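Protein chains get the first letters and strands the later ones, always in sequence-line order, with residue 1 at the start of each. Heavy-atom basis, side chains included; hydrogens, waters and symmetry copies ignored. Bear in mind the structure is a predicted one, so any value in this text is a computation, not a measurement.
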Number of protein chains: 2
Amino acid sequence: MTIIQSLARGLEILDLLAEAEQGMGIGEFATHLNVDKSSASRLLQTLASYGYAEQDADTRRYTLGPRIVTLSNRVLNRMPLRDHAHPFLRRLTRETGECSHLAILSQGKALYIDQVESPSILRVETEIGTMSPLHCTALGKVLLAFNRHAQVDAMPVFTPRTITDLEALKLHIDQVRRQGYATDDEEHVPGVRCIAAPVHGFNGRVVGAIGISGPAGRVSYEKLPELTEKVITLAEELSRRLGSAR
Amino acid sequence: MTIIQSLARGLEILDLLAEAEQGMGIGEFATHLNVDKSSASRLLQTLASYGYAEQDADTRRYTLGPRIVTLSNRVLNRMPLRDHAHPFLRRLTRETGECSHLAILSQGKALYIDQVESPSILRVETEIGTMSPLHCTALGKVLLAFNRHAQVDAMPVFTPRTITDLEALKLHIDQVRRQGYATDDEEHVPGVRCIAAPVHGFNGRVVGAIGISGPAGRVSYEKLPELTEKVITLAEELSRRLGSAR
DNA sequence: AACGATGTTGCATAATATGCAACACTCAAT
DNA sequence: ATTGAGTGTTGCATATTATGCAACATCGTT
């Protein structure tokens, strides 16, 4: 496995730009990459010439360019699941009042490929493109339980409630498999609870997970059964829509 | 202006992947880039290690990876305009029955940053991330007319109705400026008509364009005045929402 | 105008990306 | 099961290019 260093540096620059809302100057890149200013400048020029970066004429700082957006929607538009699922996401948010999400397994994580936000002021802030760990999120656990390609190789701690023992997780995932849904009980983000259920494709295989997330105050233990019922029902309807025999 | 060749090759690979829905094999990359298979393999491995490409375990072909989606939504989420405008896009589609779009000026083109699709089966297929030429699209003409940074350097022909003379375009844009909206009368895509109007920000500057597109049969000359009125009204409401004095 | 900060460009050379060849893997045909 | 073709990966010598340095250009502040 060989890494082409110059390409890697360019991609690292994109990672830096993803975190730099106000853009970055050449000197900052040079420092982060541990290269000379001149090298940083040439890398940025290359990225800019292909549309991946943009230099603000006034501040001379660089920001992410539009080419990324074009490519991203190529990726997303290649997923028919998204189009089928979106009306169900809207229904789920309408019926529960919480944010709803659709995720698929990607690179060992749960990739959020669509969502509908809650109308409530207090809500969980996530975005499409988020890649969540599998072991401590409801969507992730569903993928672990129902997608044979899903596996965890690390189980970082996010909260005191995060499951960090592999045997404990296996038992938990077995239970998810039996009950047909998963919950995240403040295991990833303190104060946030999630519920998710699997989405089956036409051959019965699990092609994704659909679920809701909300503040623990609203997604309370008393409300869990009712909300869970809604998530499961919508997931099954969507699965049937996709042609699943289930 | 120096181009870092290895980085450029990696970005060219991303461009190839954007067009290759079923992915591509290493040999195809090598041919397109005019490099040896081994070089192509190393470039792809680098892209894959950063999440920009993925290799399908079964076919061994490479496709675009999820990292692109994550970055894309960073770009889009940095535009408050999108959040403000989305309800107006929905209203516009509801009131006209056509697809509605929101675009900004980016790299000399109109970058579509949001849209709401028409419920009709027959509709215009565009996607977020599309970068349209300015001289022959309604959104683009609005940007040309109202954004002082917008200019055209080339005027490629798309249809027999495309304006290809610079003087003619200048007159046309002057008219757009006077009337406060623009139309695309089958100038970009045969059989497609569009209407767009400017969106003004809090300092009165034009921060984007909002409009609709539909088949010429539905966006007929008889319907144009009524549809135009709706677009202008919504654009002005959105502008007021953004704090514009207009 | 002078100065400091920042981005850009030319040039010699240090470093790395390349092509070649061998190898590993997969699949289809016999 | 074996063979051959097709495809992706990896080691190595060296051809090529990316690098750092220094000079320059640009911009904003005093």
In whole angstroms, how far is the [atom2] atom of [N] from the [atom1] atom of [X]?
X     : N      : atom1 : atom2 : result
A:F29 : D:dA18 : CZ    : P     : 19 Å
B:Q45 : C:dA24 : CD    : C1'   : 13 Å
A:I26 : D:dT26 : CD1   : P     : 16 Å
A:I13 : D:dA18 : CD1   : P     : 13 Å
B:D56 : D:dG8  : CG    : P     : 12 Å

Are any non-hydrogen side-chain atoms of B:V189 and B:F158 less than 4.5 angstrom apart?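 When only atoms from C-beta onward are counted, B:F158 and B:V189 do not touch, as no gap falls below 4.5 Å.
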
I want to check something: taking the side chain as every heavy atom from C-beta on, are B:F88 and B:E237 in contact at a cut-off of under 4.5 Å?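 Side chain of B:F88 against side chain of B:E237, heavy atoms only: contact under 4.5 Å found.
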
By nearest heavy atom, map A:R60 and B:G27 onto DNA chain D; which one lands nearer the 5' end?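 Its nearest nucleotide lies further toward 5', so the answer is B:G27.
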
Drop me the distance from A:L14's CG to B:L11's CG, to the nearest 0.5 angstrom.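 The CG atom of B:L11 is 7.5 Å from CG of A:L14, to the nearest 0.5 Å.
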
Hey, what do you get for CD (B:E127) to CD (B:Q115), rounding to the nearest 0.5 Å?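 The CD atom of B:E127 sits 8.0 Å away from the CD atom of B:Q115.
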
Does [X] make a side-chain N or O approach to OP1 or OP2 of [N] shorter than 4.0 Å?
X     : N     : result
B:Y62 : D:dT7 : no
A:S41 : C:dT8 : yes
A:Q55 : C:dT8 : yes

Quick tally for nucleotides 17-23 of chain C: nucleotides whose base has a protein heavy atom under 4.0 Å get B, sugar-phosphate-only ones S, the rest -, giving SBBB---

For residues 137-147 of chain A, please give each side-chain donor-acceptor pair under 3.5 Å, one per line with the distance, not counting sequence neighbours.
from: A:T137; atom 1: OG1; to: A:P133; atom 2: O; distance (Å): 2.8
from: A:T137; atom 1: OG1; to: A:G140; atom 2: N; distance (Å): 3.1
from: A:K141; atom 1: NZ; to: A:H172; atom 2: NE2; distance (Å): 3.1
from: A:K141; atom 1: NZ; to: A:T183; atom 2: O; distance (Å): 2.7
from: A:K141; atom 1: NZ; to: A:E187; atom 2: OE1; distance (Å): 2.6
from: A:K141; atom 1: NZ; to: A:E187; atom 2: OE2; distance (Å): 3.1
from: A:N147; atom 1: OD1; to: A:H149; atom 2: N; distance (Å): 2.9

In this structure, which one of A:H188, A:H101, A:E125 forms a side chain to side chain donor-acceptor pair (under 3.5 Å) with A:S213?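 Of A:H188, A:H101, A:E125, side chain to side chain donor-acceptor pair (under 3.5 Å) with A:S213 is met by A:H101 alone.
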
